[in-house]
Structure formats: C-alpha cells, structure tokens
Chemist: 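Just passing along the structure, written as structure tokens.
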Amino acid sequence: MAGTSPHSPLRVWWTQRPPAAGAAVLATGILSVGLHLTGYETLSRIALVIGCLAWLGLAAEFAVRLLRERARWAAEAGTPGALTAVAASTVLGTRFSALGRQSLAEALLALAALLWPVLIVFVVRHWTRRMPGGVFLGCVATEGLAVLGATLAAAESAAWLAHTALVLFWLGLVLYGVALCRFDPRQVLEGHGDHWIAGGALGISALAGARLIAADSARLYLWNDDDLGVLRAVTVMLLVLDLAWYAVLLGAECVRPRPRYDVRRWATVFPMGMSAAATLSVAAAVDVSWLKVPGEVLLWIAVAAWSAVAVGAVAEARAALRSTGPR
C-alpha cells in the first residue's frame, strides 16, 4: 500500500512536477502526428497512448491543485509553462481527429478554448524583460487552437470554425512578435532547453497555415485567390524562418553542449518534432513534394531526441524516488 500512499515517494515526486512538464505531452503528441503523416501508424499510436497517459496524469494534478492548493495553482498559472496545458490538448486533439474521433477532438478543443483566455491573461500579466524561451508559449497555445480548429473545420465542413482558426492564426503571430521583443537572446547559448520554443512557435504557426490551406475545398469554399495567395506565402515564410531557427539553435548546441538532463529539454524535443510535422504538412498543402524527404529526416532526429530525453527523465525519476524513499 505504500505505493498508493499520499506521502509515497512516487506521489511526492509527481507533485513536484512543474507546469513546464506539459511539454513532454507536446513533444510526444507531435511525434505521433509526424509518424502518422509518414505512414508509421503503429509507432504513431504507441506515442499517442504515451502522450494521453501523461496528459491524464498532469490534468489530474492540475485539478487537484486548483481545488486544494489555490495559492500554488495561481502562482503556477502565471508561468509560461502553464500554457502547455492548452497546447498539449490541441496537439492530442489534432491526432484524434486524424483517427476519425471527431467528438473527442471537439471535447479537447472545447477544453483548450476554455483554458486559453484564463491562462493567457495570467501569463501575459507576468511577462517581464529578458525572458527565457517559454515566453513563446503564448504563441504556441494560440496557434495550437488554430491547428485543431482548422483540422476540425475540414473534417466537419464547418466554415465558421475555419474562419475562427484564421483569426487565431494571425493573433498567434502577433503574440510571437511581442514575445520576441521580450526574449533574452543569450538563452540561445545559455538556455536549458526551452529556448528552442523560439523556433517551435514558428513551426506550429506554419502547421496552422498548412491546415488552413488544406481546409479549403470545393465543398467548403473559404478563401478567394488573393486570400489563398497570402496564406500560402505567409505559411512558406514561417516554415523557412522555423528551419532557420532550427539551424541556429542546433549550431548553438554544438558550440556550447548542454547534455545534462533538465525537464525543459522536453521543450527542445517539441520544436524538433514540430519542425518535422510542419515541413511534411506544408509540403502537402503547397504541393512541394521534395520537402517530404527533409521532413522525414527531421522527424527521425526528433524521435532520437525524444528517446534521449526520455532516458534522462527516467534516470532523474529513479534518483528522485531513491532520495525520497524510506531509509
């Protein structure tokens, strides 16, 4: 019974997880999306199960803190990592939509839409100057809503949802610009993992653009030629900027390696996976088939990074459990 005690080592370790741990769900969820896009369905579903289990655990802890530890919940809700709750829900919802589970995807969209205005206000109120990469999570959460909204719009022929997603797409880009002004550029060389979100936010923006383009059809006429031209140009530009960030951040990792595990390293895996998913999705949306090969290469790099961070997370958890266990 010690394993289920409220004061067991496992429970103590779990309650110490910061909001930024939600990036693990983001990283796993986007790998599931990328593996689905490349036809690795079994691996995609395994990643989806892992992501869902982590999401359920973190959601339960989120609810417990809201009900029993209001002061702690309010303090953590003001940190950028809190927005991973919104973004992770939208990424999982996007994958469920691809499985044809539209009702579940709609439920996740509704939950994310309810959380987003509350958390975005809390987080933005606590923005300061020279912030770490987590400052870009405002953009990520907003664009996540746009991605899932556009995905469901295409699946259910809901024009209003596509137009709402378009508004969120542009709002996310505005939030990116504001965040960029507050981002501390020294984080590129000194950050502990979440500095990669500077690129990942552009990746999910490009993915949102690709989903908006793909939502248009003869049955669901959404954009005229001018609108579609602008959307295509902006989406391609976002992907180029995302890949440029990827190159810069990877180069910085080579110049100043940071191999030690940190929970914020999940926020490195997420942008890597997002760059792959965005490349694959943009390739399909704008009909540039040669982009599929680099997209697959980026995907397997992300899978390797996920595996390395997962090993570090398990080792850290085991060490923490030993240190808090009975002596």
Chemist: Check whether Val118 and Phe62 end up in the same hydrophobic cluster, where Ile, Leu, Val, Met, Phe, Trp and Tyr are linked by side-chain heavy atoms less than 4.5 Å apart.
Modeler: yes
Chemist: Verify the distance criterion only: is there a donor paired with an acceptor across the side chains of Ser32 and Ser44 at less than 3.5 Å?
Modeler: yes
Chemist: Can you check whether Trp300 and Tyr40 have ring centres sitting under 6.0 Å from each other?
Modeler: yes
Chemist: Just by distance, do the side chain of Thr28 and the backbone of Val25 share a donor-acceptor pair under 3.5 Å?
Modeler: no
Chemist: Looking at Arg211 and Gly149, would you say the former's side chain and the latter's main chain have a donor-acceptor pair under 3.5 Å?
Modeler: no
Chemist: With heavy-atom distances below 4.5 Å as the criterion, would you say the side chains of Leu48 and Leu99 are in contact?
Modeler: yes
Chemist: Is there a donor-acceptor contact under 3.5 Å from the side chain of Ser97 to the main chain of Gly93?
Modeler: no
Chemist: For a 4.5 angstrom cut-off between non-hydrogen side-chain atoms, does Val314 reach Val311?
Modeler: no
Chemist: Under the criterion side chain to side chain contact (heavy atoms under 4.5 Å, CB included), which of Val33, Val147, Thr235, Leu280 is the partner of Leu207?
Modeler: Val147
Chemist: Would you indicate whether the side-chain heavy atoms of Leu180 and Phe136 approach each other to under 4.5 Å?
Modeler: yes
Chemist: Run the salt-bridge test on Glu41 and Arg95 with the 4.0 Å N-O cut-off and return the result as yes or no.
Modeler: yes
Chemist: Would the distance check show the side chain of Asp242 and the main-chain N or O of Leu202 forming a donor-acceptor pair, the cut-off being under 3.5 Å?
Modeler: no
Chemist: Check the surroundings of atom CZ in Arg182: do more than 12 heavy atoms from other residues, nucleotides or ligands lie under 6.0 Å from it?
Modeler: yes
Chemist: Should Asp194 and Arg264 count as an ion pair when the cut-off is N to O under 4.0 Å?
Modeler: no
Chemist: When the ring centroid of His163 is compared with that of Trp223, is the distance short of 6.0 Å?
Modeler: yes
Chemist: May I ask you to decide if Gly193's main-chain N or O and Thr268's side chain share a donor-acceptor pair within less than 3.5 Å?
Modeler: yes
Chemist: Do the side chain of Thr90 and the main chain of Ala87 share a donor and acceptor less than 3.5 angstrom apart?
Modeler: yes
Chemist: Side chain to side chain contact (heavy atoms under 4.5 Å, CB included) for Val124 and Val178? Distances and angles first, verdict last.
Modeler: CA-CA 10 Å; Val124 170; Val178 176; over 6 Å; no
Chemist: Taking side chain as C-beta onward, heavy atoms only, is Met131 less than 4.5 Å from Pro80?
Modeler: yes
Chemist: Measure centre to centre between the rings of Trp196 and Tyr246, then say whether the value is under 6.0 Å.
Modeler: yes
Chemist: How about Asn224: does its CG atom have over 12 heavy atoms from other parts shown lying under 6.0 Å from it?
Modeler: yes
Chemist: In Å, rounded to the nearest 0.5 Å, how long is the span from OG1 of Thr142 to CG of Leu83?
Modeler: 7.5 Å
Chemist: Could you tell me whether a side-chain N or O of Gln187 sits under 3.5 Å from a main-chain N or O of Pro132, the two making a donor and an acceptor?
Modeler: no
Chemist: Is there a side-chain contact between Leu108 and Trp55, using heavy atoms and a 4.5 Å cut-off?
Modeler: yes
Chemist: Strictly distance-based, threshold 3.5 Å: is any side-chain N or O of Arg260 a donor or acceptor partner for the main-chain N or O of Arg258?
Modeler: no
